[in-house]
Amino acid sequence: MSIAKFFRCLSILLVLAGLTAPSFAQVAADRQFPPNAKRGILDMSNYPNVTMDGYPRRLAPSSRIFSVTNLIVMPSTLSDNNIVVHYTENGFKDIDQVWILTQSEIAKKLPARNLQSIMPIAN
């Protein structure tokens, strides 16, 4: 392979990588949250004892915490005491999914929950 051909292939790859980079940035900005998600302030400073809005809570054994880039974060790596999050609860009222919010997501209001999806209508 000649040097000219090598640099041409490399430049094509760099252009393609540059074109796809903006699409990755949009993924984090347009996250969709479940209709039953709640908003709260999570305190992880005393993990495994966590609090949500000042009240002691438990993380479910299968809980997942998503960073602002939507990557899974280990709970023991968070030590902040005022993390604004959206979260869901399981049937035991344990916190099972947490999304750490970006500044733009914090500015948006949490949409009203769809009550029909939570409470079925009696026939």
Side-chain angles (χ1 to χ4, degrees):
M1 178 186 263
S2 69
I3 293 177
K5 190 173 184 179
F6 171 77
F7 281 118
R8 187 171 34 156
C9 290
L10 182 63
S11 64
I12 290 172
L13 286 175
L14 290 174
V15 167
L16 290 176
L19 292 175
T20 58
S23 65
F24 290 121
Q26 291 174 356
V27 171
D30 297 325
R31 294 192 289 179
Q32 298 295 317
F33 303 106
N36 62 336
K38 300 177 182 178
R39 184 177 287 187
I41 298 179
L42 180 64
D43 181 358
M44 296 287 290
S45 62
N46 196 20
Y47 179 77
N49 302 319
V50 300
T51 61
M52 182 68 72
D53 296 327
Y55 296 101
R57 297 296 304 268
R58 286 182 37 163
L59 289 177
S62 61
S63 65
R64 291 179 289 175
I65 300 175
F66 298 96
S67 70
V68 295
T69 57
N70 235 15
L71 298 175
I72 294 179
V73 178
M74 293 285 123
S76 60
T77 63
L78 299 172
S79 61
D80 297 339
N81 59 357
N82 287 321
I83 307 170
V84 180
V85 298
H86 283 167
Y87 67 97
T88 58
E89 300 171 332
N90 64 12
F92 299 107
K93 298 296 181 188
D94 293 337
I95 298 170
D96 65 347
Q97 292 186 15
V98 177
W99 293 269
I100 299 173
L101 300 180
T102 63
Q103 291 299 322
S104 63
E105 291 170 338
I106 292 170
K108 295 178 187 175
K109 291 191 176 203
L110 186 63
R113 293 197 280 174
N114 182 357
L115 294 178
Q116 288 183 344
S117 67
I118 298 169
M119 298 184 303
I121 298 174
N123 291 336

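Basis for what follows: all heavy atoms, side chains included, without hydrogens, waters or symmetry-related copies. Positions are given from 1 along the sequence.
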Work out which heavy atom in [X] is nearest to a heavy atom in [Y]; give both atom names and the distance.
X	Y	answer
Leu59	Asp94	C-CB, 4.5 Å
Thr88	Ala37	CG2-CA, 4.0 Å
Ser63	Ile95	CB-O, 3.6 Å
Lys93	Arg57	O-NH2, 2.7 Å
Glu89	Asp96	N-OD1, 3.6 Å
Asp53	Arg39	OD2-O, 4.1 Å

Return the [atom1] to [atom2] distance between [X] and [Y], rounded to the nearest 0.5 Å.
X	Y	atom1	atom2	value
Asp43	Ile83	CG	CD1	8.0 Å
Phe66	Ile72	CZ	CD1	5.0 Å
Ile65	Ser76	CD1	OG	9.0 Å
Thr77	Tyr47	OG1	OH	9.5 Å
Gln103	Lys108	CD	NZ	13.0 Å

**Message:** Membership question, hydrophobic clusters at under 4.5 Å side-chain separation (ILVMFWY): are Phe33 and Val73 in the same one?
**Reply:** no
**Request:** State yes or no: do Val68 and Leu42 share one hydrophobic cluster built from I, L, V, M, F, W and Y residues joined by side-chain heavy-atom distances below 4.5 Å, directly or via other members?
**Result:** yes
**Item:** Close side-chain approach of Pro75 and Met44, heavy atoms under 4.5 Å
**Value:** yes
**Prompt:** If we only count heavy atoms from C-beta on, is the Arg31 to Asn70 side-chain gap below 4.5 Å?
**Reply:** yes
**Request:** Could you tell me whether the side chain of Arg64 and the main chain of Met74 form a donor-acceptor pair under 3.5 Å?
**Result:** no
**Prompt:** Do Thr51 side-chain atoms and Tyr55 backbone N/O form a donor-acceptor pair below 3.5 Å?
**Reply:** no
**Prompt:** Do Trp99 and Tyr87 have their ring centres less than 6.0 Å from each other?
**Reply:** no
**Request:** Test side-chain contact (heavy atoms from CB on, under 4.5 Å) on His86 and Leu101 and set out the steps.
**Result:** CA-CA 7 Å; His86 283 167; Leu101 300 180; 3.7 Å; yes
